[in-house]
There are 2 protein chains.
Amino acid sequence: MAYTLHRGDALTVLSGLGSDSVDAVITDPPYNSGGRTSGERTGRTARAKYTSADAAHDLSNFPGENRDQRSYGYWLTLLLTESYRATVESGAALVFTDWRQLPTTTDALQAAGWTWRGIASWHKPVSRPQKGRLKQSCEFIVWGTKGPVDPDRHPVYLPGLYTASQPRKGRVHITQKPVEVMQELVRICPEGGTVLDPFTGSGSTGVAALREGRHFVGVELSDHYADLAERRLQRELTRDDFELAGPEE
Amino acid sequence: MAYTLHRGDALTVLSGLGSDSVDAVITDPPYNSGGRTSGERTGRTARAKYTSADAAHDLSNFPGENRDQRSYGYWLTLLLTESYRATVESGAALVFTDWRQLPTTTDALQAAGWTWRGIASWHKPVSRPQKGRLKQSCEFIVWGTKGPVDPDRHPVYLPGLYTASQPRKGRVHITQKPVEVMQELVRICPEGGTVLDPFTGSGSTGVAALREGRHFVGVELSDHYADLAERRLQRELTRDDFELAGPEE
DNA sequence: CCTCAGTTTGAATCTAAGA
DNA sequence: CTCTTAGATTCAAACTGAG
């Protein structure tokens, strides 16, 4: 298995990728959510929006959270359009989103040419309860394919609900996804194929891909997170070479 | 506890309901999904769409499944607008939907004046796996309130994920919801308050409301299902009188 | 290696005060 | 007025560390 990590803006890097060069796009774009007013959504940092006021941790901020609603949809469409071009026929796209951006995400996916196939839920057992409300304990995975599903070429059965808490020990990103969830999801890509994640962050998608025998192509804008991802991906390869066992963080 | 069951078209009956007369609207409208083309969606009956050809059960068909996409959204907006009028300030609406109609449902809810508050998931563990795909094992509950949430008047904490299989034994409606899920959801209505369900079907929402100490107002167009619902609701009241314990179906 | 008690915190959400 | 910042809320999972 091998990986490539591009440093730079997702749209710019994607437009340089070859057509039909990846088998699946699995990514967690900035949600651009978190606030009732436009000012609250666009004028605050991700850290200010998404970390509890009483949290003691000191995780780094991440960029891309300052678009208004209209331009968020437009930008996501452009991004998914370039991803579509880079993906082979009958390849899949899996896009994380929260409840607020779910309709925008399904619109963008379809506008970009993908055939929308469904919505899966990621349930986080540890989430803040709210008086007088239903808890927001799920994030969502909007998914689609480039053209028809080809079940014979890649006969995999995946769940529609994933339950896992965010990593706590060794967590390095505010919105870091659990590797065990990503390991299930990367199986939508055929073994030996290539997974693309235009928003690599700390690299959980890549780690999962390598562990499951898929190649990985990532893009990350922030140097801080690109360094982190590089380290985690490198360690994964080394571990692979020496056939070490045992769980990572 | 008491219930009222209106027989007739939901929109017509709702427009006759008094303003601010109910505390929560909890309903499962016809999804109008289940086909990729407009022809597939509108040309087949609900029974043909939602049951396998070899299913042994003999569930009655239900109407309201023949709208095209645009008019489905329009109709749902009208319905939620009338429901909004009938609901007290800070009352809640909980609307079931499948993945295909989710964006239309959040649009309709907001167009009708409700403040959209979130999306909860209902997970059905027993659902058909699909080769090359993520399983569609979740339906969704889009919810909102009429104006601000009033957590002090009604301090309840509800989950964001509900897990239960569709009733199999004793199931009388194609899309019948598990009573245990509905019993959790009706708690969004203050105790002693009134729950409205414009698509009563076999009456699971009403049964749950009565069991949890809420009044119930239902509307059902089909005589077949209205009779069934009437019987189940009546039995619930009788059981209540004699204080019988133990599970139903 | 287990149990048990104690601690921490969440892609939240809202109010009130300050600038 | 608007925009920003600080503070309060609260359940349960997941982790810590002692015995």
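- Partners of A:Glu184 by salt bridge (charged side-chain N to carboxylate O under 4.0 Å, His left out), not counting sequence neighbours: none found.
- Comparing C:dA11 with D:dG7, their P atoms sit 22 Å apart, to the nearest whole Å.
- Nucleic acid contact for B:Arg117: sugar-phosphate only, since backbone atoms but no base atoms lie under 4.0 Å from a heavy atom of the residue.
- Listed by first then second residue, pairs satisfying ring-ring contact (aromatic ring centres under 6.0 Å, His included) with a partner in residues 175-199 of chain B read B:Trp75-B:Phe199, not counting sequence neighbours.
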List, one per line, each side-chain donor-acceptor pair under 3.5 Å for residues 131-138 of chain A, sequence neighbours excluded.
| unit_1 | atom_1 | unit_2 | atom_2 | d |
| --- | --- | --- | --- | --- |
| A:Gln136 | NE2 | B:Arg117 | O | 2.6 |

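- Note on A:Arg171: every side-chain N or O is 4.0 Å or more away from OP1 and OP2 of C:dT9.
- Proximity of A:Leu80 to A:Trp114: side-chain heavy atoms (C-beta onward) are separated by under 4.5 Å at one or more points.
- Computed from coordinates, the B:Arg153 CZ to C:dC14 C1' distance equals 17 Å when rounded to whole Å.
- Minimum heavy-atom separation, A:Glu180 to A:Ala164: OE2-CB, 3.9 Å.
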When you compare the protein's N or O atoms with those of nucleotides 12-18 of chain D, which come within less than 3.5 Å of each other, and at what distance?
| unit_1 | atom_1 | unit_2 | atom_2 | d |
| --- | --- | --- | --- | --- |
| D:dA14 | OP1 | A:Ser165 | OG | 2.8 |

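- Stacking between A:Tyr31 and the base of C:dA11 is present: ring centres sit under 5.5 Å apart and the planes differ by under 30 degrees.
- Taking 4.5 Å as the limit, every side-chain heavy atom of A:Ser33 sits out of range of all side-chain heavy atoms of A:Trp99.
- Proximity note for A:Gln136 (side chain, C-beta onward) versus C:dG10, C:dT13, C:dA11: the nearest is C:dT13.
- Atom CZ of A:Arg41 and atom C1' of D:dT2 are 16 Å apart (whole Å).
- In this structure, A:Arg128 places its CZ atom 13 Å from P of D:dA8, rounding to the nearest Å.
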Quiz item: Run the side-chain hydrogen bond (donor to acceptor under 3.5 Å, both in side chains) check on A:Ser222 and A:His224 step by step: do they pass?
Solution: CA-CA 5 Å; A:Ser222 136; A:His224 173 77; 6.0 Å; no
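- Looking at residues two or more places apart in sequence or on another chain, you find a salt bridge (charged side-chain N to carboxylate O under 4.0 Å, His left out) between A:Asp223 and A:Arg7.
- For A:Glu40 and C:dT15, the CD to P distance is 11 Å, given to the nearest whole Å.
- The side chain of B:Tyr157 contributes an N or O atom lying less than 4.0 Å from OP1 or OP2 of D:dT10.
- Not a single donor-acceptor pair, N or O on each side, falls under 3.5 Å between the base of C:dT13 and the side chain of A:Arg133.
- Each of B:Val195, B:Asp197, B:Ile141 was evaluated against B:Ile26; a single residue qualifies, B:Val195, per the side chain to side chain contact (heavy atoms under 4.5 Å, CB included) test.
- Across all strands shown, B:Pro148 has no heavy atoms under 4.0 Å from either base or sugar-phosphate atoms.
- Between B:Leu196 and B:Leu17 there is a side-chain heavy-atom pair separated by less than 4.5 Å.
- Remark: P of C:dA12 and CG of B:Leu158 are 19 Å apart, rounded to the nearest angstrom.
- Considering only side-chain N and O atoms, A:His57 lies nowhere under 4.0 angstrom from the phosphate OP1 or OP2 of C:dT8.
- A close approach under 4.0 Å does not occur between any side-chain nitrogen or oxygen of A:Lys131 and OP1 or OP2 of D:dA8.
- Secondary structure note: stems in DNA chain C built from 3 or more consecutive Watson-Crick or G-U wobble pairs under 3.5 Å occupy C:2-10 with D:11-19, C:12-19 with D:2-9.
- To the nearest angstrom, C1' of C:dT15 lies 14 Å from CG of B:Asp150.
- Between the CD atom of A:Gln176 and the C1' atom of C:dA11 there is a distance of 13 Å, given to the nearest Å.
- Computed from coordinates, the A:Gln101 CD to C:dA12 P distance equals 12 Å when rounded to whole Å.
- A:Arg100 has a side-chain polar atom (N or O) that falls below the 4.0 Å cut-off from OP1 or OP2 of C:dT13.
- Within 4.0 Å (heavy atoms only), A:Phe140 reaches no atom of the nucleic acid at all.
- Base engagement by A:Pro29 is indicated by at least one non-hydrogen atom pair under 4.0 Å involving a base atom.
- Between the side chains of A:Tyr31 and A:Glu65, not a single donor N or O lies within less than 3.5 Å of an accepting N or O.
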